[in-house]
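In this chain, residues are counted from 1 in sequence order. Hydrogens, waters and symmetry mates are skipped; everything else that's a heavy atom, side chains included, is used.
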Amino acid sequence: MLSPSTIAFACGLAAGGVLGVAGRAGRFCTLAMLEDAFFGADLRRLKSFALAAAVALLATQALVEFGIVDLSRSIYLTSSIGIGGAIIGGLMFGIGMALVGTCGFGTLVRIGGGDLRAIVVFLVLGLSALATMRGITGVLRVMLVEPLSLRLSEGNNQTLTSLLGAGSAMRAILVVSIAAALAFWALADGRLIRSPRLLASGLAVGAAIAFGWFATGWLADDEFDPVRVSSLTFVAPLGDTILYIATFSGARLNFGIGSVAGVVAGSLAAALLARGFRWEACDDARELKRHMTGALLMGIGGIMSMGCTIGQGLTAFSTLALSAPVTMLAIACGARLGLEFTMTGEWLPAVRKLFGVSM
């Protein structure tokens, strides 16, 4: 007999393992996706992400339709829309992601490959996330997020179907239409099909998102020992993992902690099998400073926006939460700004180039 929290942890370990393999062997990386699209005119990784979103949306909404999972218990379907947090936090996360060279998920993948810089990023990101959830920078979050939130009328939430007042039949049509459009765009030109690793990783990541909802919403569901209904995201769980390690006897396992461990384990296994494991470290203090600054921005920004490229871009998107596209657009803008800075070394020219201002 396993407790609900242990079941959730084990399922998180499995789902995280899938993402770890996808990130290491399948080259599934959200920053690389944006970088390829911005500067290389290569949309294959972006299409892999779109395919993952389509699979996650379709499978998750099927779970809802059959009454297996109640997504209203998740953090994404609240009665208010945190527009300010989504935009400001998304921009901060995107800039931080560009400075580090990857996101929270990618940081765990790098740890599995032997990157010591990623361990520093993990610690700074996790601690800054904890501070923003429960500590000193939480004051900044409350000041910026709460006043800029859009309150909805009683009984409504921020799902697209709720905002449109759509019934069950209309919701099904909407879900199938969005998923079909994403899948068609991803597969139509055949380039993704000719990239089997990216194709497989997109399918696997999308399925892992839906499995996360199934695991916490059904497998680990117990009214006497409730577990938060959630799926994969990689900001708050990094902080929870640090807290669990530090307070082992006074904390309990959950899905997020399992997913963090799973990504590292999956990436490590893939790296060892491919003989790609090697120790890496920062070249100098300047590189370390850039990584720590980026991690700080990701930790604070990710909590303000209630998720990262995986948490909002795929997990929240699978619930049809309005915050998902808003946050992802802000992250993409922040990443573009951060990438321009890493190439020019100055912020002002990067801002000018981002907005097309010639001065």
More than 12 non-hydrogen atoms from neighbouring residues, nucleotides or ligands closer than 6.0 Å to CZ on Phe38, yes or no?
yes
Regarding Ser3 and Thr6, is there a side-chain donor-to-acceptor distance under 3.5 Å anywhere?
yes
Using the side-chain contact (heavy atoms from CB on, under 4.5 Å) rule, take Val205 and Leu19 through it: C-alpha gap first, then chi angles, then the decisive distance, then the call.
CA-CA 6 Å; Val205 170; Leu19 260 70; 4.2 Å; yes
Donor-acceptor pair between Ser305 and Gln312 side chains, under 3.5 angstrom
no
Side chain to side chain contact (heavy atoms under 4.5 Å, CB included), paired with Leu99, selected from Leu296, Val121, Thr293:
Thr293
As an exercise, state the distance from CZ of Arg73 to CZ of Arg228, rounded to the nearest 0.5 Å.
11.0 Å
Can you sort out the partners of Phe255 under ring pair (Phe, Tyr, Trp, His ring centres under 6.0 Å), two or more places apart, ordered by chain and number?
none
Between Asp42 and Arg191 the two heavy atoms that sit nearest each other are OD1-NH2, 3.7 Å
Identify the two heavy atoms, one from Pro226 and one from Arg252, that lie closest to each other, and give their separation to 0.1 Å.
O-NH2, 3.3 Å
For the pair Arg117 and Glu287, find out whether any cationic side-chain nitrogen is under 4.0 Å from an anionic carboxylate oxygen.
yes
Where is the tightest heavy-atom contact between Ile95 and Leu337, given as atom of each residue plus distance?
CD1-CD2, 3.8 Å
Could you tell me whether the side chain of Leu314 reaches within less than 4.5 Å of the side chain of Phe49, counting heavy atoms only?
yes
Shortest non-hydrogen separation from Val100 to Ala295 and the atoms involved
CG2-N, 3.5 Å
Walk me through whether Leu199 and Leu187 qualify under side-chain contact (heavy atoms from CB on, under 4.5 Å).
CA-CA 9 Å; Leu199 177 65; Leu187 301 172; 3.8 Å; yes
Looking only at side-chain N and O atoms, does Thr132 offer a donor or acceptor that is under 3.5 Å from a partner on Thr137?
yes
If the threshold is 4.0 Å, N to carboxylate O, is there a salt bridge linking Arg278 and Asp115?
no
Nearest heavy-atom neighbours spanning Leu182 and Ala50:
CB-O, 3.9 Å
Specify the closest pair of heavy atoms between Leu58 and Ala179, including all atoms of both residues, with the distance to one decimal.
CD1-CB, 4.1 Å
Electrostatic pair Asp284:Arg286 at N-O distance under 4.0 angstrom:
no
Check this for me: does any side-chain nitrogen of one of Glu280 and Arg110 sit under 4.0 Å from a carboxylate oxygen of the other?
no
Classify the angle between the aromatic ring planes of Tyr244 and Phe248 as parallel (below 30°), tilted (30 to 60°) or perpendicular (above 60°).
perpendicular
